[in-house]
There are 2 protein chains.
Amino acid sequence: MSHSPADPRRALTLRDVSEASGVSEMTVSRVLRNRGDVSDATREKVLEAARTLGYVPNKIAGALASQRVNLVGVIIPSLSNLVFPEVLSGISKELEDTGLQPVIGVTSYSPEKEESVLYEMLSWRPSGLIIAGLDHTAAARTMLENAGIPIVEIMDVDGTGVDSVVGISHRRAGLHMAEAIVAAGYRRIGFLGTKVTQDYRAQKRLDGFKEGLAAAGLSLSDEEYYSGGSALLKGREMTEAILKRSPDLDFLYYSNDMIGAGGLLWCLEHGYDVPGRIGLAGFNGVDLLDGLPRRLATMDACRREIGARAAQIISGRGQSGQIGGEVIELEPVLQLGDTIRKA
Amino acid sequence: MSHSPADPRRALTLRDVSEASGVSEMTVSRVLRNRGDVSDATREKVLEAARTLGYVPNKIAGALASQRVNLVGVIIPSLSNLVFPEVLSGISKELEDTGLQPVIGVTSYSPEKEESVLYEMLSWRPSGLIIAGLDHTAAARTMLENAGIPIVEIMDVDGTGVDSVVGISHRRAGLHMAEAIVAAGYRRIGFLGTKVTQDYRAQKRLDGFKEGLAAAGLSLSDEEYYSGGSALLKGREMTEAILKRSPDLDFLYYSNDMIGAGGLLWCLEHGYDVPGRIGLAGFNGVDLLDGLPRRLATMDACRREIGARAAQIISGRGQSGQIGGEVIELEPVLQLGDTIRKA
DNA sequence: TTGCTGCCCGTTACCGCTAACATAAATCGG
DNA sequence: CCGATTTATGTTAGCGGTAACGGGCAGCAA
């Protein structure tokens, strides 16, 4: 374990490398960033010195001096939702060879937490920001407006964005699901969802769903809500509860696939004829569904593509040459699966 | 939208706030960090000015000047594994009110990617680093050794760490599972796992498992591997394949709960007597299992606690007053569930 | 009054790096 | 063989904060 003469545990700086290789700090900096003209001889010398010393550049200093930061902030409500890791994977794949790096912040569906996470992120002066949802506190919105960097609000297009927006219309997703259910002949429809009132998108889906029912002269026959715990198990419990209370229901609409899957398993075990006697549908299109005994009807939320398109906008590789304020509405695809009877 | 006289889109600095409130930059800095003595009158004045201007401090400059960074790097192989989001949640909860903030990097199980992610992270000079696994490239190990910050390697204790280590012994986890299976009277045992050879921990579990079988004079009767795709579906397909090839197997050990769940569903659908005719076990204790028709035998990997303990070490709140080189081995609990017959 | 203390605030010198400009040596056409 | 480029390197001045220290002023005991 070699160490510099002065202090054995001092962090290395450009100066150490420059002294070790006998050139100026500036030249070392140029070599390490592949910038400007440097002769092959000195380049080798410098790289050699940096390698043997184990030098790691200090990006904090670099960013301050160059006024450039290769970070992209990504703010999402949760990591356990399964949806967001997929969005993230779309983002990081797209950012892969742009030199940009995502930094993740999690809000736990709390607007106050979102505000503080956003503040913290902006204080690192990222070169772009991707944030889930269109609904923020007034302070958060102001920060976004004044940040002076590209902002992309994702997941949702039902509302007004600060800058660019990439997502689907959750209202219309709910609406279309309702239409498909009604078209298939179901009439006594129950809804099962999360209690979290801060999940604006689930709320919008429900609103659209009710709207779709209303257009056919129908309304929700019963509802059931949960919070916390294993979603699959909750799906079972809620399904049992709602069917006990309202045995005449002929359709159950779940706010996400996980509880829908639980409900599906419960119905099959209890001998319900699915989709004859009762129909089921969820939301999201998680690939978990492929392994279930029967494929749950769902609607793909285009998670990976949302991530990819958002990242493209930040990296300036958006298909439109637009400079900002871009709005991309993706179309969620209804997958009937095996739990809605064919009309 | 108010703007400063010079440039409407220039980012705000301490100087702007100091001019707006008529005090020095230093005083503004003190107010915003709650440090040193400032009179209530000026404090109010400064906060007021900062608020109306919408000033967001520049942590890059702050970190450079103070040589302190409130970031903790966290490097994990994947976000879709379900295990890691849980570890992360343990970490962020524990870090919540320490002023420290986790920054996540993902390696996709690639040692080269790990190396570059690590380099990138260290270049931001975080005040601590949590990284999954004990197995790294030589260059990565050297970086870790010379980083000069607390390092915690998590998940795994079968090997030698650079600094602190928090995890379970995957070798012994596999070993104990084998012992339990043998004790329950199963003899013709198959293994189903991922093809990813870079998942060192899965490999160690398998090694321990084989060791446990060998101690009883047994060995694996058949094996089946997969990569990519929906784990639940793969679990089904692999189960079908292995049982077709080796119909006399009486136990299936899966390298994770997800494929185990798929296998369980397949066996139940095809009328297998579980756990009489055939036993099943997975690994991890994901709470998904609670919703399955039968509870899969598994072994809890203590994910949240691993995250929490690692974070404690970084934040200096570890229970031992130790300064580094701490090794915490947690004990995974075997949950027999309903898929191993009671001896 | 003198001197000391504690409170409040300002000044100065960096932190480690890079943009922009300056300089020195090598190349070159006419 | 000279001025005009080109190539390779060095010098200077910050980037936007903060540590460390300095100093004015009020309060107070001697």
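Throughout, protein chains are lettered first and strands after them, A, B, ... in sequence-line order, and every chain is numbered starting at 1.
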What does the B/S/- profile of nucleotides 5-17 of chain D look like, 5' to 3', with a 4.0 Å heavy-atom cutoff to protein?
---SBBB--BBBB

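Residues A:Val46 and A:Ser21 approach most closely at CG2-OG, 3.9 Å, considering heavy atoms.
Rounded to 10 degrees, the angle between the two end axes of the helix from C:dT1-D:dA30 to C:dG30-D:dC1 is 40°, with five pairs used at each end.
Here C:dC17 presents its P atom at 13 Å from CH2 of B:Trp124, a figure rounded to the nearest Å. Protein atom CG of A:Asn34 is 12 Å distant from nucleotide atom P of C:dT18, rounded to whole Å.
The salt bridge (charged side-chain N to carboxylate O under 4.0 Å, His left out) search around B:Glu44 returns none, not counting sequence neighbours. Contacts of B:Lys59 classified as salt bridge (charged side-chain N to carboxylate O under 4.0 Å, His left out), with partners at least two apart in sequence or in another chain: A:Glu120. For A:Ser80, the side-chain hydrogen bond (donor to acceptor under 3.5 Å, both in side chains) partners at least two apart in sequence or on another chain are A:Ser78. The side-chain hydrogen bond (donor to acceptor under 3.5 Å, both in side chains) test applied to B:Thr27 returns B:Ser24, not counting sequence neighbours. Residues forming a salt bridge (charged side-chain N to carboxylate O under 4.0 Å, His left out) with A:Glu305 (at least two apart in sequence, or on another chain): A:Arg309. Residues that satisfy the side-chain contact (heavy atoms from CB on, under 4.5 Å) test with B:Leu134, not counting sequence neighbours, are B:Glu153, B:Asp156, B:Val165.
Listed by first and then second residue, the salt bridge (Lys or Arg N to Asp or Glu O under 4.0 Å) pairs that reach into residues 123-144 of chain A are A:Asp135-A:Lys204, A:Arg141-A:Glu145, sequence neighbours excluded.
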